[in-house]
Amino acid sequence: MHYKPSEIEPKWQKKWNEEKTFSYNGKNSGKKKYYILEMFPYPSGKLHMGHVRNYSIGDVVARYHFRKGFDVLHPMGWDAFGLPAENAAIENKIPPARWTYSNIEAMRERFRQLGFSYDWDREIATCSPEYYRWEQRFFIEMFNKDLVYKKKNEVNWCPQCNTVLANEQVEDGVCWRHGTPVTKKKIEQWYFKITEYAQELLETLNDMPGWPDHVKDMQRNWIGKSTGTYIDFKFEGRDENVTVFTTRPDTLMGVTFASMAVEHPMAAEIIERSPQKEEMNEFVGEVKKLHENMRDDAYEKKGVFTGEYLIHPVSEEKIPLYFANFVLADYGTGVVMAVPAHDQRDFEFATKYGLPVKVVIRPEDGEFFEPLKEAYTEPGVMVNSGRFNGLLSEKGKEAVSNHLVETGCGKTGVNYRLRDWGISRQRFWGTPIPMINCEKCGTVPEKVENLPVKLPEDVDFSGSTSPLKDMLEFYETECPVCGNKAKRETDTMDTFVESSWYHMKYCDPHSENEPFSRFEVDHSMPVDKYIGGVEHAVMHLLYTRFFTKVLCDLGYVSFREPVKDLLTQGMVCMETYSVNGEYLYPEEVAFENGLYRQIGTGREVKVGRVEKMSKSKKNVVDPVKLIGKYGADTARLFVLFASPPEKDLEWSEEGVEGCSRFLNRVWNIVTANIDIIKGSKEITEPPASKGRDLWAKTHETIKKVSDDIERFHFNTAISAIMELVNASYKFELCTDETKDVLAEALRSVILLLNPFAPHITEELAEMCGMPAVAKQKMPEVNKRALEKSEILIVVQVNGKVRDRLMLPADISTEDVEKEVRSRDYSRFLKSGEIKKLIYVPGKLVNVVG
RNA sequence: GCAGAAGUGGUGGAAUUGGUAGACACGCAAGACUAAGGAUCUUGUGCCUGUAAUGGGUGUGGGGGUUCGAGUCCCCCCUUCUGCACCA
């Protein structure tokens, strides 16, 4: 009888499905709930190894908690809106809906093949009107609460997506998805006021011990709070102000000029009234071009004098105002007070244009050389600052701020790097924004009873823009306020909006009169363990935290954070292969005589560095092929065994073979001992010496596996089971009692291995006449098995291991010392005699001397 | 530049609180079974040294420190990865 995964795996998958083994009961179950969630996938129709890993980790946690007696919520769904569906529509003339739904079918099948324990009755697809109608309702309620607004602004534009990107979606100046350089465009779009929640989003991070520090740091970084002072500067000879933001008000007296971003709202007027209009326009054009091509870093600081002066609020000196290429329009106020002596950027600028450098901070002690070679940015003592002289910079910050507040030309405040979340997308396949433009009433929300604003299903894709913009039947409507003819918004929402609340919808997926029952959602949330890739550390995980707070404020839920514990799993990586710069799939490459060659041509293959598996580099392994060859259990086991979850995992075929071999060993030893298992008695008393070791090993393994699953060390849990299997192979049967010991060891292997390799373990359990494993509790430790009569005491001499002693477990400290002193360790002693003995009870003795 | 994570055999990785470094697996080597083995089983495997051993030395990126004892704690340095980056 051989292990044939292709036969047993479908059998159990069918059974789990028919019997609804993994359904969640919710509020009325009477059991403690456990919500385990893996980030839902985009239904591309194909699975990659990253998915296998992500969902295998989640499945172990889910199955473990099922078997610990929890009411487990383990749902799956589809992040189904997004660009690929539209691109496919353009290429293949298939409507996005049809393409998406058929992909969902295909992908659900792949998930079933891996044997994951989902409650499929709770499946959701974000592209269904039953889902997005509630999102439209949230949008309208947010609009009514002033949490949504429309603004024309310079935005990031991806020419490949043909749409706007949020700040978070631009990485290194390129589109996070395509890697195409992002350009700037001025466009009117809708914004969520995430900045209104910036403080809470930041503060609550301190109360989230279940999140990894690096994710919290990335969010803190992204929110980028800084405390400082807003200072008003008057224009010379005009009744107009400009405000700057600074974190160093203590350097105010060192201001020798000011710099403004060319995109600043006042810039156009200033240029208009300048006699050097042309020169300035030229500079503005140059800077804008520079900012468009954001991949250029470390460019030279340049500027142009505006011809205008500001008045220093304290000294009342004239301060020249420049346009400068390094000043960002969307950080702070878009204008900075320049203190060349104490800011490196200002220093470089001042040096280039021969502007004065005025030192107002000196180190408290130590030398200080003038003229400065670079800015002095450390804290120190204030000098050349009139009434503030002698103050330490920390005190000085406060004193200057207070003075400005008193004289009415400043206020203290905070500034965030975080921008509001621009959610308009000029695309078709997304949730329609439920707003209507009426010539008379302006922009008004659709009536709630008219929701959903449905996306047309049968559409013709011809051009590269969204067909909604040309569909009269979609955008022609009447104004919900005055009833006149009006035009519907044709932009759709960022797909990150759908993923901001899907985990709440799972709690009550079929409600019809409300987004979800508050009763159920308050019971099931927060997510107890959320598992997904680090790449979402900022975008998705920040948006979903924001959205939860909004839904709480709108009265839909009673909690303010959606995720209790977060596990960010590493990427699955593999080396790349290429010939003359063209990438090859691994199956096109063969390794012979120490060289990689292209199959067919025999050309030598260049082996590139290990990178995240990606289709563009062709360094991918198709999980379907892997499952076909080894079975789902082996695939799951490998991704869990090869590396701890947070680490990147390098793919290796040898590793897979090792896991396959292990499952075969399990299969062989269990099937060889079926009769013994069937005929065995439960062990109630400690067995005689022949069986004692394996009995102890069995219970040590039970303990270790449970502990390791709890702390997400799946690789060591699996290795512990491997040890027990190895010990079982070496175990010699003699008495009936030893048969019972072996039987218990093998039953335990089945029960413990089940969360990792569910199919083979169910099959073996059935063959051995055991009840279905999914319905059995995890095995429990018999504490008596862990008791030892003898213990190993390691003897160190001056910190080095020199001996090992087996001593009675209940030996006293005095007897251990006696035992050690009775032996001759003198040749290891520096002084020849024992000066001191240190005994760590039950573990080791260190002899010092 | 700032922030974070990490650096352990030929390889993936163990070592939960400062207490036997290298579990488990891959690879490799030897042997067994076999017509044959790329199947399976057994044994060995950090490095140096020693023809004996329960032998000696050395060893967790490098250097210093704390300690009876450091992969683990502290200080300095190097390397790699990730995120942010002219943030005022």
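None of these values were measured; they are calculated from a predicted model. These values consider heavy atoms only, across backbone and side chains, with no hydrogens, waters or symmetry-generated copies. The chains referred to below are lettered A, B, ... by the order of the sequence lines, with proteins before strands, and numbering in each begins at 1.
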Using the [atom1] atom as the reference point in each nucleotide, state the distance between [N] and [M] in Å, no decimals.
N	M	atom1	answer
B:C73	B:G19	P	11 Å
B:U8	B:G46	C1'	10 Å
B:A35	B:G22	C1'	41 Å

Discussion item. Do the side chains of A:Lys629 and A:Glu653 get close enough for a salt bridge, i.e. N-O under 4.0 angstrom?
Written reply: yes
Worksheet item: Mind checking what makes side chain to side chain contact (heavy atoms under 4.5 Å, CB included) contact with A:Asn715, not counting sequence neighbours?
Response: A:Pro644, A:His713
Discussion item. Syn or anti for B:G57? Use the chi torsion, O4'-C1'-N9-C4 for purines and O4'-C1'-N1-C2 for pyrimidines, with syn inside 90° of 0.
Written reply: anti
Identified pairing partner of [N], criterion: Watson-Crick or G-U wobble below 3.5 Å:
N	result
B:U66	none
B:G55	B:U49
B:U20	none

Discussion item. Is A:Arg345 close enough to B:C87 that one of its side-chain N or O atoms is under 4.0 Å from OP1 or OP2 there?
Written reply: yes
Discussion item. Checking A:Lys704 against A:Asp707 for the salt bridge (Lys or Arg N to Asp or Glu O under 4.0 Å) test, could you report, in this order, the C-alpha distance in whole Å, the side-chain angles of both residues, the deciding distance, and whether it holds?
Written reply: CA-CA 5 Å; A:Lys704 175 142 181 71; A:Asp707 290 354; over 6 Å; no
Worksheet, complete the sentence: A:Leu844 and A:Ile793 have their tightest heavy-atom pair at CA-CG2, 4.0 Å
Worksheet item: Does any donor-acceptor pair link the side chain of A:Asn846 with the base of B:C68 at a separation under 3.5 Å?
Response: yes
Worksheet item: Nearest to the side chain of A:Met722, which nucleotide is it out of B:A88, B:C84, B:C24?
Response: B:C24
